[in-house]
Structure formats: C-alpha cells, structure tokens
Amino acid sequence: MGQIVMAIVFMSLMSKEMGLFVLGDVGTASSYHPPYTPTGCNGYRADQFPPGNLFMAMSEGLWDNGAACGREYRLWCPSGSNRPCKDGTVDVTVVDYCPKSPCPFTILLSTNASPPSRNLPP
C-alpha cells in the first residue's frame with residue numbers, strides 16, 4: 001500500500017466581482033478500485049462521474065457531511081513514485097466518502113486519476 005504526498009488545491013470561481021478563490025493544503029493520497037457505485041454523493045447515478053473518470057473519495061475531515069460532493073480539486077504531487085499527477089497536476093471531482101473508517105489517507109483517487117502501482121488492494 002503506497003502513500004503519495006499531495007498538495008491539494010481547491011479551486012472555485014466564486015463570481016466576477018470576487019475573482020478566483022484558491023485554498024491549499026498538504027495531505028496524503030492513494031487510490032481505490034471499482035466498483036465505484038453506490039457512492040456517498042449520488043448513489044448509482046452514472047452521470048456523477050466526470051469525463052475521463054478523474055474523481056476521488058474524501059476522508060472524514062474533508063467530507064463535511066456530504067457538502068464536499070461535486071467539489072473540484074487540482075492536485076499537485078510533490079512526491080511519490082511514478083509522479084501520479086500527469087503533467088504535474090490532475091483535476092478531480094469528489095464523488096464519494098472514503099470506504100474505510102478511519103480513512104488511512106486524506107483522499108482516495110480513482111484508478112484513472114492515479115497510476116496502477118499506487119492502488120490500494122481491493
């Protein structure tokens with residue numbers, strides 16, 4: 001079970017008047033395997049998954065009682081073998097809550113958002 005240190009940057013366009021709102025933090029990440037449904041956000045709905053299946057599950061601290069559903073994050077990976085973030089960063093959407101409690105990582109990435117060698121065992 002590998003661990004990746006990630007810089008997590010939450011980006012959201014608030015409004016034209018407020019501009020771009022950016023907040024960052026450092027955490028750990030790994031990945032999880034299908035089946036991905038049901039999810040904590042939208043159950044079995046197929047349309048909850050973004051193009052390219054670049055999504056993640058959140059740990060307790062970021063889940064925010066489900067308010068994290070649909071949030072988009074840009075992840076930068078400063079360490080970890082195989083540099084899991086393609087082109088330096090990867091953009092992912094929150095679709096689920098970490099299936100393990102307590103969650104061993106800050107986030108769990110879909111297999112499409114991380115390299116196969118970094119995946120948690122099924």
Side-chain angles (χ1 to χ4, degrees):
M1 172 168 31
Q3 178 172 314
I4 305 165
V5 176
M6 310 204 71
I8 302 169
V9 179
F10 169 62
M11 301 183 75
S12 174
L13 184 59
M14 300 300 283
S15 71
K16 289 181 182 178
E17 293 81 30
M18 293 179 71
L20 185 63
F21 177 71
V22 177
L23 183 73
D25 203 350
V26 175
T28 58
S30 189
S31 61
Y32 66 123
H33 298 278
Y36 296 119
T37 54
T39 68
C41 292
N42 289 303
Y44 287 96
R45 287 183 41 196
D47 64 349
Q48 70 183 306
F49 301 106
N53 286 323
L54 300 176
F55 57 87
M56 66 181 170
M58 303 299 284
S59 63
E60 297 88 357
L62 296 172
W63 178 242
D64 196 17
N65 291 322
C69 290
R71 287 183 185 158
E72 295 180 0
Y73 287 81
R74 174 163 289 163
L75 305 176
W76 171 60
C77 309
S79 69
S81 62
N82 300 329
R83 298 292 175 160
C85 298
K86 300 162 185 75
D87 299 324
T89 63
V90 63
D91 295 335
V92 291
T93 303
V94 177
V95 300
D96 206 358
Y97 180 72
C98 182
K100 298 180 182 191
S101 186
C103 192
F105 301 95
T106 308
I107 60 173
L108 294 176
L109 299 167
S110 65
T111 54
N112 283 25
S114 64
S117 63
R118 306 308 297 171
N119 296 339
L120 285 172

Pairwise distance CD(Glu72) to OG1(Thr93) - rounded to 0.5 angstrom:
4.5 Å
Tyr97: side chain to side chain donor-acceptor pair (under 3.5 Å) partners, not counting sequence neighbours
none
Heavy atoms of Leu54 and Ala113 approach each other most closely as CD2-CA, 3.7 Å
Hits for side chain to side chain donor-acceptor pair (under 3.5 Å) against Asn65, two or more places apart or cross-chain, chain-then-number order -> none
Let me confirm one number: the NZ-CG distance from Lys100 to Leu108, rounded to the nearest 0.5 Å.
8.0 Å
Keeping to residues at least two apart or across chains, list the salt bridge (Lys or Arg N to Asp or Glu O under 4.0 Å) pairs with something in residues 50-65.
Asp64-Arg71
Smallest separation among heavy atoms of Phe105 and Ser59, with atom names:
O-CB, 3.4 Å
Approximate separation, where rounding is to 0.5 Å, of Asp96 CG and Thr37 OG1
9.5 Å
Please round to the nearest 0.5 Å and tell me the distance separating atom CG of Leu62 and atom CD1 of Ile107.
8.5 Å
Sequence neighbours left out, what passes ring-ring contact (aromatic ring centres under 6.0 Å, His included) with Phe49? Give chain and number order.
Phe55
So which atom in Cys69 and which in Trp63 form the shortest heavy-atom distance, rounded to 0.1 Å?
SG-CH2, 3.6 Å
Closest heavy-atom pair and its distance - Tyr44, Pro38
OH-CD, 3.5 Å
Does anything in residues 38-49 form a salt bridge (Lys or Arg N to Asp or Glu O under 4.0 Å)? List the pairs, not counting sequence neighbours.
Arg45-Asp47
Can you name the nearest heavy-atom pair linking Leu75 to Leu109, along with the distance?
CD1-CD2, 3.5 Å
Contacts of type side chain to side chain donor-acceptor pair (under 3.5 Å), residue Thr39, not counting sequence neighbours:
Gln48
